[in-house]
Amino acid sequence: MMRISGFPWNSFFNTLYYMIKYFEKKMNSSDIYDSSRKIPRTLQEIREVHQYRFLLIQLVRRDILTRYKRSFLGVAWTMLNPLGIMIVMTIVFSHLFGSTPGYPVFVLSGLLVWNFFSKSTSAAMNSMVWGGGLLKRIYLPRSSFSLSAIGTEIVNMILSLVPLILVMLVTRFPFHISMLYLPVSILMISLFSLGMALLLSTFSVVFPDVVEMYQIILTAWMYLTPIIYPVTTFPEKYRYLMVYNPLAYFVALFHIPIYEGRTPTWMEFWPALAIGLGMLFVGWFFFSKKIDEFAYRA
Amino acid sequence: MLDGSSSQKRSMSLLTVLNQKNNSLTTYLGDDVIRIENVSVQYRVPTEKVGTFREYAIRLLQRKIKIRTFNALEDVSFQVKKGEVFGLIGDNGAGKSTLLKVVARVLRPYKGRVIVKGKVAPLLELGAGFHPELTGRENIYLNGSLLGYSRKQMDEVYSSIVDFSELSDFIDAPIRTYSSGMYARLGFSVATAHIPEILIVDEILSVGDETFQKKCAQRFNQFQDSGTAILYVSHSLDSVLSMCHRVAWLDHGKIQAIGKPNDVVTEYRRSH
């Protein structure tokens with residue numbers, strides 16, 4: 001009897017199996033370093049990052065533990081910080097945007113994304129400029145600092161959900177099951193931030209001025225993104241401009257499940273995915289071009 | 001019978017080809033753990049410092065960016081065998097540190113080929129990457145991870161690190177409270193906790209007090225017995241003479257002489 005049913009799948013999985021074996025073999029031979037061996041940059045970096053995964057955990061741990069180490073409340077500041085900003089924003093802006101129901105929840109959910117993006121990209125860039133000395137002395141995967149900056153902010157984001165839930169309880173804002181969508185939103189903003197972090201670290205190593213310049217751009221960017229005001233307060237005539245602000249898509253991925261209480265539609269989701277992957281591709285492209293120069297310049 | 005057997009065969013042959021490639025590299029290396037072949041390292045130095053975007057843009061328009069290249073290493077070749085202590089001597093700026101960085105994979109050579117077999121433990125800067133606010137214990141794990149070890153590997157050697165550094169009383173205190181001697185002792189203990197295939201030593205034998213220095217020397221001997229190759233850089237010619245099996249003299253990025261310690265050191269001394 002012919003085993004027709006097995007045919008396409010068997011060969012597919014066999015090929016897949018041997019492809020994995022092939023790369024494993026290629027990766028396991030890494031106890032011999034040969035500078036002339038041409039392994040694709042991306043593949044090599046993925047291998048190195050996998051080998052140094054404990055380093056990423058340690059860097060994230062270091063960043064979280066040392067941030068508020070000397071302060072009395074310690075890690076609690078991770079949660080108190082956005083809460084404080086939210087209270088200030090609410091007092092200052094509830095006057096202007098007072099018609100928005102549940103304004104504190106709106107601000108806080110937007111701030112989560114904004115903090116994630118601005119802090120992870122700045123931290124990645126700073127550690128490349130100021131911590132670059134380490135890259136000159138010992139070998140590390142070059143993307144370690146960017147990756148650990150994203151990791152740190154993912155942990156911070158999860159911790160910041162605690163004050164968000166508190167505010168929702170206090171203001172009696174309804175909880176929605178759609179909040180379970182948040183891991184997808186976090187993944188999307190991680191892709192975008194990682195791409196931006198890689199791009200900025202590449203530039204900042206060549207031009208240290210970028211660090212200062214970026215802070216100004218961030219301030220402007222924040223006010224151009226619907227975080228402290230809802231899109232609806234934008235004059236109808238200019239609202240189409242939001243299309244050109246890539247961050248607006250990611251902010252929406254947080255506003256929709258938390259504030260509006262529904263899961264984003266495909267039309268709301270795919271631009272974020274495309275922009276996130278695109279940014280990662282562009283960032284990695286420039287980063288990998290300059291990867292060998294970091295030790296010379298940083 | 002149509003199943004995956006044909007694609008399986010094809011993939012298998014791919015695997016064997018790759019195996020042969022790896023085996024051939026191993027046979028090619030033979031007893032050597034480091035092989036440097038015609039390596040050149042080039043630094044690109046802008047003639048004037050261009051630090052800002054504005055300046056860069058202006059210079060780019062004026063086509064005024066001149067980049068001077070400078071060869072830190074030029075056509076350097078040598079090999080180091082398993083268990084050998086290989087010394088590097090030369091004046092400041094001769095390219096010794098650059099050469100160490102090439103072996104440690106920090107710099108990729110501009111020309112030539114570097115083959116390094118096994119784990120490289122760099123004793124370049126002890127305690128690089130220590131965080132002052134973290135405790136000794138936390139810094140041991142952080143520094144170990146910077147050297148590429150996994151959690152499991154660090155768990156295995158943790159107690160031996162604490163014992164060797166003699167810091168068990170202070171291990172849970174933030175490292176900013178340590179003296180510089182304690183700092184270096186901890187750095188040395190972490191960097192040498194695992195027996196590496198290659199150890200890079202750059203003028204650091206002056207760690208701690210005399211008893212600790214003796215312990216360091218003991219550890220080096222122990223490494224040597226287990227087959228670790230040591231790449232040793234020092235300005236102290238006497239220590240090079242007493243420790244090394246072979247010595248290379250670098251000058252302006254080129255190898256001037258290579259061979260028995262006595263011969264090379266005499267030649268080096270004569271040139272001064």
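Atom set for the values below is all heavy atoms of this structure, side chains included, hydrogens, waters and symmetry mates excluded.
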A.B. asks: Measure centre to centre between the rings of B:Phe86 and B:Phe78, then say whether the value is under 6.0 Å.
C.D. replies: yes
A.B. asks: Filter on salt bridge (Lys or Arg N to Asp or Glu O under 4.0 Å), then keep only pairs touching residues 70-83 of chain B, sequence neighbours left out; what's left?
C.D. replies: B:Asp32-B:Lys81
A.B. asks: Quick one: ring pair (Phe, Tyr, Trp, His ring centres under 6.0 Å) pairs with a partner in residues 132-154 of chain B, sequence neighbours left out?
C.D. replies: B:Tyr141-B:Tyr158, B:Tyr149-B:His194
A.B. asks: Whether the side chain of B:Thr228 engages the backbone of B:Phe223 through a donor-acceptor N/O pair (distance < 3.5 Å, no angle test) should be reported.
C.D. replies: yes
A.B. asks: Tell me which of these, B:Val39, B:Leu107, B:Val114, has more heavy-atom pairs under 4.5 Å with chain A than the rest.
C.D. replies: B:Val114
A.B. asks: Tell me whether the NZ or CZ atom of B:Arg105 lies within the 45° cone about the ring axis of A:Tyr139 and under 6.0 Å from its centre.
C.D. replies: yes
A.B. asks: Looking at the rings of A:Phe117 and A:Phe192, which for Trp means the six-membered one, are their centres under 6.0 Å apart?
C.D. replies: yes
A.B. asks: I need the contact set between residues 55-65 of chain A and chain B: heavy-atom distance under 4.5 Å, sorted by residue number.
C.D. replies: A:Leu55, A:Ile57, A:Gln58, A:Leu59, A:Arg61, A:Arg62, A:Leu65
A.B. asks: Only counting residues at least two apart or in another chain, list the ones meeting side chain to side chain donor-acceptor pair (under 3.5 Å) with B:Asn92.
C.D. replies: B:His235
A.B. asks: Any idea which of B:Lys119, B:His131, B:Lys117, B:Arg151 has the most non-hydrogen atom pairs under 4.5 angstrom with chain A?
C.D. replies: B:Arg151
A.B. asks: Do you know which of B:Arg176, B:Glu197, B:Glu37 has the most heavy-atom pairs with chain A at a distance under 4.5 angstrom?
C.D. replies: B:Arg176
